Amino acid sequence: MEKANKQWLVYDTTYEGKTALMRVDMRNTSKKERAALPVLMLLRIQPRKNYSLDLLTPFQSAMMERVYKKLIRTAQKVQCRIVAVRSWGNVMEFFCYGSDEPALLVLSAVCEKKRALVTEYETRADSQWQVFRKEAYPTAANLQTVNNGEQIEMMVRYGDDIHAPRRINHYCSFMDELSRIGFQESARKAGFALGDPFYNPDGEYPHGVCVRHVGSIDKRSLDGWTDRLIAVVEAYNGHYDYWDCQLMRRQRR
């Protein structure tokens, strides 16, 4: 998982059936700023040469990262905002907001100067930044994938074999007992075994329960399970708390 700076969050997702990486500017924006930048440009770049399975060569990857950094600098100069960058296969897509189309076309011109790249873009009115919020801003499930990666990295440092199957416990909380009971049945149908309920009278979500599945904690697998479970939790207006599991140490040879 790529490391983010303090302003940008990086999370794993999927797009067009492929594994994707989303980088999102998490700085707060005011209504005044959004009103001043009401035009959205979706700007896509990809290498003109496609070698294999839409994958990037190391040279192509480095070139696109250089373009990415130059676009961020250019956007600041022309008072536009690049608020998210989505990468999948050999494509990089920028979510750019500006005061008008001419200001945003300065960004596409940066990419069009690169003959090794194919550049495409579309512009539309989006004064409420709805496209950004719907397609890029992280959901609870997206944020959990970041937490998953951090916890997995910590367990690897302690010698865990992340591919070894084990029982993984997920702790979820709800505002009332009725929601918790409804969740339990839906979680069971989604493939989770039910553990014991618990009660925390001082919590915002006092009625909790542990559910479990058996699997590995390699990130792609675990992300799939937490994505599935959080969708069920949210259907009952609950909160996904955290997961834990036994440390499975790598076998020495």
Side-chain angles (χ1 to χ4, degrees), residues 1-4 6 9-15 17 19-22 24 26 133-253:
M1 182 180 67
E2 179 180 326
K3 299 294 184 182
K6 293 181 180 180
L9 176 76
V10 181
Y11 67 87
D12 298 314
T13 184
T14 58
Y15 186 68
T19 299
L21 186 77
M22 184 71 80
V24 181
M26 297 296 290
R133 284 191 265 182
K134 181 179 179 181
E135 294 193 24
Y137 200 81
T139 63
N142 297 145
L143 292 173
Q144 184 58 43
T145 67
V146 178
N147 293 335
N148 290 346
E150 292 173 350
Q151 189 165 344
I152 291 167
E153 287 178 5
M154 180 186 69
M155 295 185 72
V156 167
R157 290 198 296 270
Y158 280 94
D160 190 273
D161 177 3
I162 63 172
H163 300 290
R166 84 288 303 272
R167 186 177 71 181
I168 303 171
N169 307 304
H170 304 267
Y171 300 87
C172 311
S173 300
F174 302 85
M175 291 184 177
D176 55 68
E177 187 176 13
L178 189 62
S179 297
R180 190 258 297 165
I181 293 172
F183 161 78
Q184 289 178 182
E185 179 61 20
S186 295
R188 186 184 61 79
K189 292 179 180 178
F192 293 86
L194 301 182
D196 297 327
F198 54 89
Y199 180 65
N200 177 15
D202 298 324
E204 182 180 358
Y205 298 86
H207 297 270
V209 65
C210 173
V211 299
R212 304 181 174 104
H213 82 276
V214 174
S216 66
I217 61 166
D218 68 278
K219 191 168 185 301
R220 186 171 183 177
S221 173
L222 186 60
D223 285 352
W225 282 99
T226 56
D227 284 355
R228 185 191 311 180
L229 184 57
I230 289 173
V232 181
V233 171
E234 290 180 340
Y236 292 90
N237 298 314
H239 183 265
Y240 181 88
D241 299 329
Y242 64 95
W243 59 268
D244 64 21
C245 65
Q246 180 183 1
L247 185 72
M248 304 291 287
R249 294 193 181 277
R250 291 187 294 269
Q251 297 293 324
R252 294 184 178 179
R253 297 180 179 180

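Just so we're clear, the structure is a prediction, and the values are computed from it rather than from any experiment. Worth knowing before you read on, the calculation uses all heavy atoms, side chains too, and leaves out hydrogens, waters and symmetry mates.
Taking CE from Met248 and CE from Met155, the interatomic distance works out to 9.5 Å, rounded to the nearest 0.5 Å. Residue Ser179 holds its OG atom at 11.0 Å from CD of Gln184, rounded to the nearest 0.5 Å. With values rounded to the nearest 0.5 angstrom, Gln246 atom CD is found 11.0 Å from Asp244 atom CG.
Of all non-hydrogen atoms in Ile152 and Ile162, the two that sit nearest each other are CG2-CG2, 3.9 Å. Scanning both residues, Ala190 and Val232, for their nearest heavy atoms gives CB-CG2, 4.3 Å. Across all their heavy atoms, Asp241 and Ser173 have their closest contact at OD2-OG, 2.5 Å. For the residue pair Phe174 and Val233, the shortest heavy atom distance occurs at CE2-O, 4.0 Å. In terms of heavy-atom proximity, Tyr236 sits nearest to Gly182 at OH-O, 3.2 Å.
You'll find the side chain of Tyr11 reaches within 4.5 Å of the side chain of Val24, heavy atoms only. At a threshold of 4.5 Å between non-hydrogen side-chain atoms, the residues Asp227 and Thr145 count as touching. When side chains are defined from C-beta on, Val146 does not count as touching Val10, because their heavy atoms never get closer than 4.5 Å.
Between the side chains of Tyr240 and Thr226, no donor-acceptor pair of N or O atoms lies under 3.5 Å. With 3.5 Å as the limit, one finds a donor-acceptor pair spanning the side chains of Asn148 and Gln144.
With sequence neighbours left out, the side-chain hydrogen bond (donor to acceptor under 3.5 Å, both in side chains) criterion links Asp160 to Arg166. Residues meeting the salt bridge (Lys or Arg N to Asp or Glu O under 4.0 Å) test with Arg249, sequence neighbours left out: none. Taking Glu177 as the reference, Arg180 meet the salt bridge (Lys or Arg N to Asp or Glu O under 4.0 Å) condition, with sequence neighbours excluded. Judged as a salt bridge (Lys or Arg N to Asp or Glu O under 4.0 Å), and not counting sequence neighbours, the contacts of Asp223 are Lys219.
Within 6.0 Å of CG on Leu178 lie no more than 12 heavy atoms contributed by other residues, nucleotides or ligands. With a 6.0 Å radius and a threshold of 12 heavy atoms from other residues, nucleotides or ligands, Arg133 has its CZ atom above the threshold.
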For residues 135-142, please give each side-chain donor-acceptor pair under 3.5 Å, one per line with the distance, not counting sequence neighbours.
{"from": "Glu135", "atom 1": "OE1", "to": "Arg86", "atom 2": "NH2", "distance (Å)": "3.1"}
{"from": "Thr139", "atom 1": "OG1", "to": "Ala141", "atom 2": "N", "distance (Å)": "3.4"}
{"from": "Thr139", "atom 1": "OG1", "to": "Asn142", "atom 2": "N", "distance (Å)": "3.2"}
{"from": "Thr139", "atom 1": "OG1", "to": "Asn142", "atom 2": "OD1", "distance (Å)": "3.1"}
{"from": "Asn142", "atom 1": "OD1", "to": "Thr139", "atom 2": "N", "distance (Å)": "2.9"}

Return a table of donor-acceptor pairs under 3.5 angstrom between the side chains of residues 198-215 and protein atoms on other chains or two or more places apart.
{"from": "Asn200", "atom 1": "OD1", "to": "Asp202", "atom 2": "N", "distance (Å)": "3.4"}
{"from": "Arg212", "atom 1": "NE", "to": "Asn169", "atom 2": "OD1", "distance (Å)": "2.7"}
{"from": "His213", "atom 1": "ND1", "to": "His170", "atom 2": "NE2", "distance (Å)": "3.0"}

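Partner of Phe192 under the ring pair (Phe, Tyr, Trp, His ring centres under 6.0 Å) criterion, out of Phe183, Trp225, Tyr171: Trp225 alone.
In this structure, Gln151 contributes its side chain and Trp243 its backbone to a donor-acceptor pair below 3.5 Å.
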